[in-house]
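Written below as C-alpha cells is the structure these notes are about.
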Amino acid sequence: MAMRLPRAVLFVFFGVLLSAFRLAHSSTDNDFSKVRAVNLGGWLVVEGWIKPSLFDGIPNRDMLDGTQVQLKSVGLQKYVSAGDGGGGNVTVDRDAASSWETFKLWRISMNEFQFRCLNGQFLTASDGDIISATVDSPGDSETFYIERNNTLLHIKLLNGSYLQVTDNHQLTSSYPSRPGWDDDMATFEMTIVANNLHGDYQLANGYGPEQAKTVLTEHRKNFVSGRDFYFISQKGINAVRIPVGWWIAYDPNPPAPFIGGSLNALDRAFYWAQIYGLKCIIDLHAAPGSQNGMEHSASRDGSIDWPLEANIQKTLDVINFLAQRYADNPSLLGIELLNEPSAAAVPLDTLVSYYKIGYQIVRSYSDTTYVIFCQRIGNADPMELYQAYLGATNTVVDLHYYNLFDPYFEKLNATENIQFIYKNRLPQVQSLNRANGPLVFIGMSCRVQSYANLHYLGEWVNEWNVMNASQLQYQLFGNAQLEVYGEASFGWSYWTIKCNSVHWDYEWNIRNKYLIGKMLTCAASHLLLPASNVFKQPFYRHFTYAGVAELLMLLTIQVIVYYVILRLVL
C-alpha cells in the first residue's frame, strides 16, 4: 500500500491536469466546437412511455392498434387458431396458445376491430358462415363488433350475426340470437399478450379524429416551449434534434388517422432556436410503412413495410419537402434521412440506395446542410455505412449507445458500467475518428461511425440497469459518457428533453444534478456559426464566469473517477 500511494497521487494529479486541458481545448478538436444536442423526443412524434398520460382518456385503451390477443372458447376451453399463421379456415382446437393463436388488433372504433393473423391475413366471414383467415386487405366482412365484460367477449359481424364455436371445433357466424354471458359456445375469454405500441397511430385511432386533435394540439403547444429552448441554451447545449413523422409533409390535412399541426410546431421550434442561438437537426423519425415496427415509427401493428418501393418514394418526397422548406433557414444544421431502420427487415442495399438519393435531394437545396445517416438497429455491423460512399460533403453517421436493451448490461454494477464506457466505447470512438469516412454523431442513447467529410454523431441517455444507484454513481456514469462521447467527430445528442421516466429526462437530470459535466461550463448562445462554419469557433471564447463553480465540481468528480479507476487498476 505504501508503494502505491505516490503513484495514486501522481495518477490523480495528472488526470486532473488532463481534464482541465481538455476543457480548455474542446476535446480532440482543440479549437473546434462540436454538436451538443438534446432530442425533443415525444413531442411531434408520440411515444407513450415518454408521456403516458396522453392515452389516459382513450376508452378501451388496452385494445389499441397492434395489441396482441388470444381468444379461448369458454364452452370448449380451446383456443381460436389460424392454422399455419393464416390462409385457411379458423379452428378452435388448441389446448395451448402460440403464434398461430395470437392476433393483432386493427382498431376501427372503440368497439369495432379487425383481427390480423401471423402471416398478415385477416379473419373474415366472407365465405358463408365459416370464419377463415384468407383476406389481405380488410373491409366490412373483416370487421367485428366487440361486446365486452372484462375479459369475456361476444363477437358479432356488422350484419348482426354473432360468432360461436361448434362441437366439431369450427368458428362460425351462425349463433341464432344475442347471447348471454352464460351462453358458453358464443362467449370467448380474451388474453392480452402484448399492448406495447403507444404511438401516433394508436393515439389518433384510439381517440378518434376530433378528440385526438384536441389532445395533440394541447400537447404540441405545452410539452416543448420557448422556455425549454432558453433553459437548454443556458446549459451548454447548442442544438436540438427534432423527431418528425412523415405526415408532416401533408400538413394541415395528413392522411388518416394522423393529426395535422406538427408543421406549425416545427416552424415554432426554428423560431425559438434562432432567438436562443441554437441549431436544428430535423430527424425523420417515422417513415411511411414504419422502418422498424416500433411505436416511435408510428407502426400500426409492429409490421415493417417501409422497404416497399412506394413507401421509399413517399419518404423521398418528405425529405424533398423538408429540405425545400428549411434549407435557407439560418437555424438549420442537418437533416437526418431516417431514424433507426431495422437490420432484420431493411436490407442494407435498399437503405444505402435510399440514403444516396436522399443526400442528392438535400444537396439540390443546400451545399452546407449536414446530411445524417442513422445506422441500422439490431444485428448490424457498425462499420457497414463506412463502406458505402453516401455523399461527398458534410455527411454524418448517427450511432446510438445505450447501456440498456442488452442482457449483457443486466449483470453489470455501477463501476463496471462506467468501465465499459472507457474500455469499450472510447477505443471505438477513437477508431471511428481515425477512419476515412463520415463524421460521427453519438446520441445519448445512440451508436457510432465515421468518412472523409462524413462525421458521426450519436444518441445516449444517463440511464442503466443498475438498481438503487446513488446520485454520485449517476454523476460518474453521466460524466464518463460526456467525456467519451465528446470525442465523437461531430458530437452527440441526449435522449430526451422531458420524460415520465426521470433519468431519461434531460431537464430533470440537470435541475437535480444527476447529470453534470464540461458541457455546463460554456454558454451555448455563441457556440454555433452558420452551418458551414459550425466547427470553426474557438472554444475559449465561450468560457463564462458562471461556469467556474461547475468547472470546480467537474474537476472534483474527475478526481473521484480517476481514483476509482486507479483502485481497479493498481
Side-chain angles (χ1 to χ4, degrees), residues 27-28 34-42 47 49-50 232 235-243 281 283 285 296 334 336 339-340 372 374-375 377 382 396-406 408-409 412 414 416-430 432-433 439-450 455-466 469 473-499 501-510 514-520 557 561:
S27 191
T28 57
K34 297 180 183 180
V35 171
R36 296 187 296 279
V38 168
N39 287 272
L40 307 186
E47 299 188 44
W49 70 280
I50 291 178
I232 64 176
K235 302 301 179 182
I237 295 299
N238 55 26
V240 289
R241 179 173 177 259
I242 311 173
I281 296 170
D283 156 42
H285 220 64
H296 61 250
E336 186 156 358
N339 178 69
E340 294 187 343
I372 302 173
C374 189
Q375 71 174 87
I377 59 172
V396 178
V397 170
D398 181 6
L399 304 172
H400 292 192
Y401 278 135
Y402 289 91
N403 283 32
L404 293 161
F405 314 128
D406 188 318
Y408 174 82
F409 295 107
L412 301 187
E416 290 166 339
N417 271 277
I418 295 168
Q419 284 181 312
F420 184 88
I421 300 297
Y422 286 111
K423 291 183 178 180
N424 295 72
R425 296 218 168 111
L426 179 57
Q428 184 183 15
V429 172
Q430 292 171 334
L432 291 168
N433 283 341
L439 288 173
V440 180
F441 184 36
I442 298 175
M444 279 189 171
S445 143
C446 105
R447 316 170 201 242
V448 192
Q449 287 183 12
S450 200
H455 315 293
Y456 75 78
L457 151 150
E459 172 187 292
W460 62 275
V461 68
N462 197 35
E463 183 61 298
W464 47 10
N465 285 320
V466 178
Q473 288 172 325
Y474 270 104
Q475 290 172 344
L476 294 173
F477 180 55
N479 190 68
Q481 294 186 90
L482 283 167
E483 183 173 353
V484 171
Y485 303 154
E487 298 291 323
S489 56
F490 189 74
W492 51 255
S493 66
Y494 187 92
W495 189 275
T496 182
I497 187 167
K498 297 177 182 177
C499 189
S501 300
V502 293
H503 289 292
W504 292 76
D505 184 317
Y506 172 79
E507 292 189 0
W508 184 92
N509 274 272
I510 296 299
Y514 273 71
L515 181 63
I516 56 178
K518 64 184 177 184
M519 70 174 184
L520 303 178
I557 291 176
V561 170

Quiz item: Does K34 offer a backbone N or O that forms a donor-acceptor pair with the side chain of N238 under 3.5 Å?
Solution: yes
Quiz prompt | Between CZ on residue F477 and CG on residue L482, distance to nearest 0.5 Å | solution = 10.5 Å
Exercise. Determine yes or no for a side-chain-to-main-chain donor-acceptor pair under 3.5 angstrom, with N39 supplying the side chain and T496 the backbone.
Key: no
Exercise. State, to 0.1 Å, how close Y494 and N509 come at their nearest heavy-atom pair, and which atoms those are.
Key: OH-ND2, 3.4 Å
Exercise. First locate atom CG of N479, then atom CD1 of I516, and finally report the distance between them rounded to the nearest 0.5 Å.
Key: 7.0 Å
Quiz item: Closest approach of A480 and I421, non-hydrogen atoms and distance?
Solution: O-CG2, 3.6 Å
Practice problem: Provide the closest heavy-atom pair for P243 versus L40 in the form atom of the first, atom of the second, distance. | Solution: CD-O, 3.5 Å
Quiz item: In terms of side-chain geometry, is the basic nitrogen of D283 or R241 positioned less than 4.0 Å from the acidic oxygen of its partner?
Solution: yes
Quiz prompt | Minimum heavy-atom distance between E336 and D398, given as atom pair plus value | solution = OE2-OD2, 2.5 Å
Quiz item: What distance do I510 atom CD1 and N462 atom CG have between them, rounded to the nearest 0.5 Å?
Solution: 9.0 Å
Quiz item: Sequence neighbours excluded, which residues qualify as ring-ring contact (aromatic ring centres under 6.0 Å, His included) partners of H296?
Solution: H285
Self-check item: Between CD on residue Q375 and CD1 on residue I377, distance to nearest 0.5 Å
Solution: 9.0 Å
Practice problem: Report the distance from atom CD of E483 to atom CG of L426, rounding to the nearest 0.5 Å. | Solution: 8.0 Å
Practice problem: Kindly write out the residues that satisfy side-chain hydrogen bond (donor to acceptor under 3.5 Å, both in side chains) with E47, not counting sequence neighbours, or none if the list is empty. | Solution: W49
Quiz item: Quick one: does W508's side chain get under 4.5 Å of K498's, heavy atoms only?
Solution: no
Quiz prompt | Nearest non-hydrogen partners of D505 and C499, listed with the distance | solution = OD2-N, 3.0 Å
Quiz item: Can you check ring-ring contact (aromatic ring centres under 6.0 Å, His included) on W495 and Y506, steps first, answer last?
Solution: CA-CA 7 Å; W495 189 275; Y506 172 79; over 10 Å; no
Practice problem: Kindly compute the distance separating NZ (K235) from CD (E507), expressed to the nearest 0.5 Å. | Solution: 10.5 Å
Quiz prompt | Set of residues satisfying side chain to side chain contact (heavy atoms under 4.5 Å, CB included) with respect to A469, sequence neighbours excluded | solution = W464, V466, Q473, Y474
